[in-house]
Structures are given as C-alpha cells and as structure tokens.
Number of protein chains: 2
Amino acid sequence: MTGDTLTPGARRILEVASELFYARGIHAVGVDTIAAASGVTKRTLYDRFGSKDALVAAYLRARDERWRDRVSDALEAAGDPVSRVLAPFDVLGSWVADRGCAFVNAFAELDDPGHPGRALIDDEKRWLRALFATELERAGVDDPDGLALQLLVLHEGALVAQAVAAEPGAIRSARAAAAQLVAAARGGPGV
Amino acid sequence: MTGDTLTPGARRILEVASELFYARGIHAVGVDTIAAASGVTKRTLYDRFGSKDALVAAYLRARDERWRDRVSDALEAAGDPVSRVLAPFDVLGSWVADRGCAFVNAFAELDDPGHPGRALIDDEKRWLRALFATELERAGVDDPDGLALQLLVLHEGALVAQAVAAEPGAIRSARAAAAQLVAAARGGPGV
DNA sequence: GCTGGACTTCACTGATCTGTGAACTTAGTG
DNA sequence: CACTAAGTTCACAGATCAGTGAAGTCCAGC
C-alpha cells in the first residue's frame with residue numbers, strides 16, 4: 001500500500017538506497033552514489049523524494065512494512081499460542097543479514113531526535129513489544145507486559161549478538177531462552 | 001596503562017572525540033570539529049593520532065578499557081557465584097547512556113571489516129561471552145557455553161531496548177531474566 | 001645554551017557533500 | 001493536437017570532508 005504509487009524510477013531509487021544504506025550505513029552513502037546506482041539522475045531523486053532525510057525515512061518505512069508483513073505471516077502460520085508468541089524469533093533466521101538490525105543501525109547514525117526516521121524506529125520497537133504483550137496475554141501468562149519486555153530484549157539482543165558479536169547461534173539460543181521464560185510463566189510463578 | 005603515555009593535548013583530543021563520536025556518531029563528526037572542541041589544532045591531532053581511523057580505534061580501545069575495569073570491579077565486589085555471573089548487568093545501569101552501546105553503534109558505521117575498530121568490537125563481545133562462560137562454570141551450571149550466549153544476548157538486548165526502544169526498565173528486566181535462567185540451570189535441567 | 005618535544009599558524013589540496021535552476025526529451029492520454 | 005508526468009542533461013552553489021607542508025613558538029631537561 002505504500003510502495004504502489006511510486007514511479008518506476010522512484011522504486012529503483014528506493015531499492016538501491018535500501019541496499020546501500022543497510023550495507024554501508026546512512027552517512028557513508030551519498031545521493032550521487034544512489035542516483036548513479038539506480039540509473040537515474042540526481043534531479044529525479046530530489047524530484048521524487050525531496051531530500052536525503054526523506055529518502056532515509058522512506059527506506060526505514062519500507063523495511064518496517066516488509067518486516068511486519070513477514071511477522072504477520074508467521075503469526076498466521078503458527079498454531080498454538082506459544083508458537084505464536086515465538087513467531088518473531090522464527091522470522092529472524094531468514095530476515096537478518098550480517099549487518100544487524102537496520103533500525104538499530106539507523107538509530108546509531110541519527111542523533112537528532114527530530115529526524116523523520118527516528119519516529120519510525122520508535123514505532124517499530126513499540127509495535128513488536130505490543131505484539132509480544134498481546135500474544136502473551138492470549139497465551140494466558142501472568143504479567144504479559146513484563147514478559148513482553150524480556151522477549152523484546154531477547155529479540156534485539158539476538159540480532160546484535162548474531163551480527164556484531166558474530167555468534168551464529170544467537171538467534172536459535174535467544175528463541176530457546178524465550179521459550180523457557182514463557183514456559184515458566186505458564187507453568188506458574190513458583191517454578 | 002594505555003592512556004598514560006598520551007600528551008596533554010592528545011588526552012584532550014581523545015576525551016572530546018569520545019564524547020562526540022558517542023553522542024553524534026563517527027561519520028557525523030569531523031576532525032575539524034574535534035580539534036576545535038579540544039582547543040587544539042588539526043595539525044596536532046594528526047601528529048598524535050595519524051588518521052581519523054586511528055583516532056576512532058583509540059576511542060573504542062579507551063572505552064573498552066574503562067568498561068572492562070568497571071566489570072572487573074563489580075566482579076570483585078560480588079559475593080556468591082550467581083552475583084558474579086550477573087555483575088555485568090549491574091554495571092550497565094550506571095554505564096549506559098541514552099545513545100546505546102558504543103560498540104554496536106560503531107559497528108553500524110564501520111562497514112569495512114578491515115577497519116581497525118572492527119577488531120576491537122569483536123574483542124569486546126568475545127571477552128564478555130568468555131567472562132559469562134567462566135563465571136557460569138564456576139557457578140556449576142551445565143553447559144556454561146550455551147547459557148553464556150544467552151546471557152550475552154540478554155546483555156546486548158538490554159542496551160538496545162533501553163536506548164533504541166526507549167524502554168526504561170529494560171536493564172532491570174534483562175537482569176531478572178538472566179537470573180531466572182541461571183537459577184533454572186542450577187536447579188537442574190528438569191525444571 | 002642547546003636540543004627536542006609539544007604545539008601553533010596558516011595556507012593549501014582535491015575530493016565529496018546535499019541541494020538547485022533551467023531547459024530539454026520522451027511517452028502516454030484526453 | 002495539446003497537455004502532463006517522468007526523466008534527462010549540465011552547470012552550479014556553498015559547505016564540509018580528511019589530510020599535508022613549512023615555518024615558527026614555547027618550555028623543560030641535559
């Protein structure tokens with residue numbers, strides 16, 4: 001629903017910018033590079049997106065949308081309430097590359113809280129936390145909000161450990177830890 | 001032992017660069033800005049550090065050193081084996097600011113694996129994982145390596161969630177989750 | 001009194017950065 | 001045919017980027 005109204009040139013610009021921003025970083029990639037790699041002139045880039053900041057925001061918005069779609073698909077595919085809770089961890093395996101979380105990386109580069117991208121980063125994390133809380137409540141655990149925060153921590157940590165610390169089993173390991181915490185919360189607080 | 005041999009000017013440069021790199025990002029801060037804010041000429045900066053990349057590496061090295069010192073102190077202050085395992089989480093509360101983990105942020109900006117800073121980032125994460133493993137072994141848990149990875153994930157996730165997701169309770173929550181996993185591992189795998 | 005280290009001053013280089021102005025082409029649509 | 005949207009070409013602005021060369025100042029220690 002977002003990417004449909006883009007002109008062919010704009011779509012190419014956004015695709016190329018997304019790859020380059022994610023792989024090399026936002027500040028490290030100039031608009032000239034993006035335009036050239038898109039087979040488009042810089043004029044077109046500015047006609048379509050207005051500014052580099054706006055292009056960065058479009059990049060984050062598009063990535064967020066794809067990510068949420070994947071999670072939603074995994075959620076539908078999951079059966080029991082516990083697999084639903086853990087669905088975001090299952091998506092991670094095929095989602096994350098060796099450059100970590102695009103939103104965390106963008107946060108590192110966007111020091112200005114007023115940058116249009118910052119609101120999107122905020123949104124993404126709040127969405128995931130809320131999703132955990134909703135599914136945990138459905139799964140019938142005590143204090144779904146508190147456990148949701150712990151699952152968010154595990155989720156973010158999995159991405160960081162996998163990429164930054166180059167730990168290949170981090171995602172699997174985080175999922176196991178999440179499963180254990182959920183099981184304990186369902187089994188009762190006395191365990 | 002590292003910062004002792006620095007000249008007064010170099011020390012000021014390193015202090016200022018550390019603050020600016022952390023607060024605004026590496027690419028966003030130019031050497032002119034650093035020199036000016038240090039009350040030093042650009043010539044001095046290059047005479048002392050040789051290049052911006054080398055200054056970035058010095059920044060990460062100094063920060064790593066301070067961090068390890070803090071963890072070592074907390075480790076000594078801790079009593080029982082379990083508090084020793086959880087000591088890094090206790091340091092986090094007073095360590096982390098609102099800009100997240102300096103090493104994760106640097107990773108986001110340094111896309112070149114050959115950058116001198118990348119090795120330092122790697123070192124830092126491997127050091128922490130090894131520390132968790134050592135302390136877990138001392139605490140007598142099964143599979144200390146596996147649990148160490150889970151604690152690393154919780155640790156990194158705590159920093160990210162606290163700063164990027166603006167979750168004020170993330171560190172406390174991560175510590176609680178870590179404590180629960182350790183307790184379960186000590187109580188026996190059947191729980 | 002001389003030497004060497006720390007640092008300054010200042011003028012550069014050449015590249016790269018984001019962003020713009022104006023005129024032109026091209027293709028599709030009423 | 002006329003209109004419009006998409007895109008091109010190209011020259012340009014003004015700033016900032018990392019990094020250098022050469023000469024000079026200041027001061028502590030031998």
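Basis for what follows: all heavy atoms, side chains included, without hydrogens, waters or symmetry-related copies. In what follows, chains carry the letters A, B, and so on, assigned in the order in which the sequence lines appear, proteins first and then strands, with residues in each chain numbered from 1.
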message: For a side-chain contact (heavy atoms from CB on, under 4.5 Å) check, start with the C-alpha distance between B:Glu156 and A:Glu156, then their side-chain angles and the critical distance, and finish with the verdict.
response: CA-CA 8 Å; B:Glu156 300 304 306; A:Glu156 300 304 305; over 6 Å; no

query: Taking A:Leu159 as the fixed residue, which of A:Leu92, A:Val164, A:Val104 is the one that meets the side chain to side chain contact (heavy atoms under 4.5 Å, CB included) rule?
result: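 Single side chain to side chain contact (heavy atoms under 4.5 Å, CB included) partner of A:Leu159 among A:Leu92, A:Val164, A:Val104: A:Leu92.
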
- request: For B:Arg24 and B:Thr33, test the side chains for any donor-to-acceptor distance below 3.5 angstrom and give the result as yes or no.
  value: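 Distance-only check fails for B:Arg24 and B:Thr33.
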
Ring-face cation of A:Arg63 near A:Phe103 (centre distance under 6.0 Å, axis angle within 45°):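 Cation-pi check for A:Arg63 and A:Phe103: fails.
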
message: Please find the pair of heavy atoms, one from B:Ser38 and one from B:Val16, that lie closest to each other, and give the distance.
response: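 Result for this residue pair: OG-CB, 3.5 Å.
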
field: Nucleic acid contacts - residues 38-52 of chain A versus DNA chain D, non-hydrogen atoms under 4.0 Å
entry: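 The stretch gives A:Gly39, A:Val40, A:Thr41, A:Arg43, A:Thr44, A:Arg48 as the residues lying under 4.0 Å from the strand, ordered by number.
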
query: Within the distance-only criterion (no hydrogens, no angle test), does the side chain of A:Asn105 pair as donor or acceptor with the backbone N or O of A:Arg99 below 3.5 angstrom?
result: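 It does hold such a pair.
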
task: Output yes when A:Arg12 and A:Glu15 qualify as a salt bridge under the 4.0 Å nitrogen-oxygen rule, no when they do not.
output: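 Here A:Arg12 does not pair with A:Glu15 in a salt bridge, since their nearest N and O are not under 4.0 Å apart.
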
- prompt: On DNA chain C, which is the earliest and which the latest nucleotide, 5' to 3', with an atom closer than 4.0 Å to a heavy atom of chain B?
  reply: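 Under 4.0 Å from chain B, the extent on DNA chain C is C:dA6 to C:dT9.
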
